Visitor: 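Here's a structure for you.
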Amino acid sequence: MTAEIRRHPDAETLAADVASALLARLEESQSSPGAVTHVALTGGSIAEAIHREVARRAADASVDWSRVALWWGDERFVARDSSDRNAHQAREDLLDRVALDPGNVHEVPASDDVPDVEAAAASYADEVRSQGAGEFDLVMLGVGPDGHVASLFPGRPELQVTGAVTVAVRESPKPPPERVSLTFEALARARAVWFVVNGEGKAEAVARALADEGTIEETPARGVHGRDETVWWIDEEAASHLPR
Ligand code: 6PG
């Protein structure tokens, strides 16, 4: 199944369009009574802009947030109240502004919850598996300039992990150094994958990810596809190395 590319003039428009599409997808998924929609959020700057836009639009949408379950594709192993923590930023930008059921917000344990990053990864894996097949209706992923997604970086052993839904990452090339990431196997359980990417600095990574040839080892974003849908939400700068 080929990926769909949705180009936007700039990051602001990109964030607004993704936010609107996310709210629409949540509304649509809730048409079956009682269904809980599982969404894995991502860290990063464009994700923060998207979260803020979702919060801004939420009042005009008919989403029952108590039926939205939130996860993270990766998380930094830092203190729970650290501004470096993806969940901490997401709470400020979105989670504290909508009526979620706290039992449906699945944060990765923080460094003040468990002794080490391996324990955090194990605990998060238990939580993912506790939700049945550990499937996600939607996984959102930022992409690094090196083509990393979540905390799966080029050339790293975490890319080879099988038989696990999470992996502990030490000495991450992107600070902070310790992280927990979903594995490719976990990400492969996503029905829909939305990559959200802006800026000239990502243009090479986007081109490598979407090229006919290339390796997952060099460009981890090549290793993630939704079972039903894969969409690249990009702005013109991030699209600038794509063939016209
Ligand atoms: C993290 C993110 C990471 C991020 C990309 C893009 O925890 O750092 O999950 O995978 O999404 O590095 O980040 P930017 O959008 O800020 O470039």
Side-chain angles (χ1 to χ4, degrees), residues 8 10-19 22 39-54 70-80 82-94 106-111 117 120-121 124 136 138-156 158-159 166-184 186-187 190 193-209 216 219-224 231-235 237-241:
H8 298 70
D10 51 46
E12 293 70 27
T13 317
L14 170 62
D17 288 357
V18 175
L22 176 58
V39 178
L41 301 177
T42 183
S45 51
I46 190 64
E48 290 165 13
I50 292 166
H51 299 160
R52 289 192 293 273
E53 286 298 323
V54 172
L70 294 179
W71 303 82
W72 276 266
D74 71 332
E75 183 57 279
R76 292 85 174 279
F77 188 62
V78 293
R80 189 163 281 278
S82 164
S83 59
D84 266 344
R85 192 164 158 83
N86 291 331
H88 181 270
Q89 191 60 46
R91 281 193 182 282
E92 285 187 359
D93 296 333
L94 173 58
H106 304 282
E107 291 193 27
V108 179
S111 60
V117 65
Y124 194 50
F136 301 98
L138 171 62
V139 168
M140 301 180 74
L141 289 170
V143 179
D146 58 359
H148 79 257
V149 287
S151 289
L152 300 172
F153 294 93
R156 293 288 301 248
E158 297 86 18
L159 302 183
T166 67
V167 62
V169 177
R170 290 178 178 274
E171 296 172 33
S172 163
K174 176 180 180 181
E178 293 187 337
R179 295 154 168 261
V180 172
S181 183
L182 291 181
T183 58
F184 280 129
L187 294 169
V193 170
W194 290 0
F195 296 100
V196 289
V197 200
N198 72 295
E200 179 64 37
K202 308 298 179 68
E204 187 49 34
V206 169
R208 290 207 322 266
I216 295 170
T219 310
R222 295 179 66 89
V224 186
V231 181
W232 284 79
W233 298 84
I234 58 180
D235 71 355
E237 286 187 0
S240 58
H241 291 195

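Ligands are counted one by one from 1 in listed order, and the atoms in each one are counted from 1 as well. Sequential numbering from 1 along the given sequence is applied to the chain's residues. Note that this is a predicted model, so its numbers are computed, not measured.
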Visitor: Within the side chain of D74, is there an N or O that forms a donor-acceptor pair under 3.5 Å with the backbone of R179?
Guide: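 Checked: no pair found.
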Visitor: Could you see which bit of N86 sits under 4.0 Å from ligand 1, with heavy atoms only: side chain, backbone, both or neither?
Guide: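 Under 4.0 Å from ligand 1, N86 contributes side-chain atoms alone.
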Visitor: Just to confirm my output: which protein heavy-atom neighbour is closest to atom 15 (O) of ligand 1, and how far is it?
Guide: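 Answer for atom 15 (O) of ligand 1: S45 N, 3.3 Å.
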Visitor: In Å, rounded to the nearest 0.5 Å, how long is the span from OG of S240 to CD of E204?
Guide: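 S240 atom OG to E204 atom CD measures 9.0 Å (nearest 0.5 Å).
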Visitor: For the pair D235 (side chain) and G199 (backbone), establish whether a donor and an acceptor sit closer than 3.5 Å, ignoring hydrogens and angles.
Guide: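 Yes, the answer is positive, given that a donor and an acceptor are paired below the 3.5 Å cut-off.
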Visitor: Between S151 and E158, do the side chains contain an N or O donor and an N or O acceptor separated by less than 3.5 Å?
Guide: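 No, no side-chain donor-acceptor contact under 3.5 Å.
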Visitor: For E48 and ligand 1, answer yes if some heavy atom of the residue is under 4.0 Å from a ligand atom, otherwise no.
Guide: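 No; E48 lies far enough from ligand 1 that no heavy-atom distance drops under 4.0 Å.
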Visitor: In ligand 1, which numbered atoms sit nearer than 4.0 Å to a non-hydrogen atom of R76?
Guide: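 Once the distances to R76 are compared, the set is 1 (C), 7 (O), 8 (O).
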Visitor: May I ask you to check whether G43 has an N/O atom sitting below 3.5 Å from an N/O atom of ligand 1?
Guide: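 Indeed, backbone or side chain, G43 has an N or O that close.
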Visitor: Can you report which non-hydrogen protein atom sits closest to atom 13 (O) of ligand 1, along with the distance?
Guide: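 Looking at atom 13 (O) of ligand 1, the protein heavy atom closest to it is K174 NZ, 3.4 Å.
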Visitor: At a 4.0 Å threshold, what atoms of ligand 1 neighbour a non-hydrogen atom of G44?
Guide: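 Result: 13 (O), 14 (P), 15 (O), 16 (O).
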Visitor: Taking D93's backbone N and O only, do any of them form a donor-acceptor pair with E48's side chain (distance below 3.5 Å, no angle check)?
Guide: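 It does not hold such a pair.
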Visitor: Using modelled atom types and a 3.5 Å cut-off, is there a donor and acceptor pairing between side-chain atoms of S111 and backbone atoms of A79?
Guide: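 Yes; judged by distance alone, with no hydrogens or angles, the pair exists.
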Visitor: Okay, side chain of T219, backbone of A221: is any donor-acceptor separation there less than 3.5 Å?
Guide: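 No, because the side chain of T219 does not come within donor-acceptor range (under 3.5 Å) of the backbone of A221.
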Visitor: List ligand 1 atoms under 4.0 Å from T42, heavy atoms only on the residue side.
Guide: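 Ligand 1 atoms under the 4.0 Å threshold to T42: 9 (O), 11 (O).
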Visitor: At a 4.0 Å threshold, what atoms of ligand 1 neighbour a non-hydrogen atom of I46?
Guide: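 By the 4.0 Å cutoff, the relevant atoms are 15 (O).
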Visitor: What residue and heavy atom of the protein are closest to atom 9 (O) of ligand 1, and at what distance?
Guide: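 Its nearest protein heavy-atom neighbour is D74 OD1, 2.6 Å.
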Visitor: Nearest 0.5 angstrom please: L182 CG to Y124 OH, how far?
Guide: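 Result: 5.0 Å between the selected atoms.
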Visitor: Between G144 and ligand 1, does any nitrogen or oxygen pair lie at a separation below 3.5 Å?
Guide: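 N/O-N/O distance below 3.5 Å does not exist for this pair.
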Visitor: Between S151 and ligand 1, is there a nitrogen or oxygen pair with a distance under 3.5 Å?
Guide: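 Looking only at distances, the answer is no, because the N/O contact criterion of under 3.5 Å is not met.
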Visitor: For ligand 1, does P145 get within less than 4.0 Å through its side chain, its backbone, both, or neither, judged by non-hydrogen atoms?
Guide: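 Under 4.0 Å from ligand 1, P145 contributes no heavy atoms.
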Visitor: List ligand 1 atoms under 4.0 Å from V143, heavy atoms only on the residue side.
Guide: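 Every atom of ligand 1 under 4.0 Å from some heavy atom of V143: 6 (C).
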Visitor: Identify the protein heavy atom lying closest to atom 10 (O) of ligand 1, giving its residue, its atom name and the separation to 0.1 Å.
Guide: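 Closest protein heavy atom to atom 10 (O) of ligand 1: A150 O, 2.7 Å.
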Visitor: In terms of ring plane angle, is the pair H148 and F153 parallel, tilted or perpendicular, where the classes change at 30° and 60°?
Guide: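 Plane angle between 30° and 60°, so tilted.
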Visitor: Holding to ring-ring contact (aromatic ring centres under 6.0 Å, His included), I want the full list of residues that pass it with W194, two or more places apart in sequence or in another chain.
Guide: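 W194 satisfies ring-ring contact (aromatic ring centres under 6.0 Å, His included) with W233 only.
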Visitor: Just by modelled atom types, is the G142 backbone N or O under 3.5 Å from a matching donor or acceptor in the T42 side chain?
Guide: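 Yes: the side chain of T42 pairs with the backbone of G142.
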Visitor: Quick one: does K202 get within less than 4.0 Å of ligand 1, heavy atoms only?
Guide: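 The answer is yes, since K202 has a heavy atom less than 4.0 Å from ligand 1.
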Visitor: Only heavy atoms of H148, strictly under 4.0 Å: list the atoms of ligand 1 that pass.
Guide: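 Heavy-atom distances to H148 below 4.0 Å select 3 (C), 5 (C), 10 (O), 12 (O).
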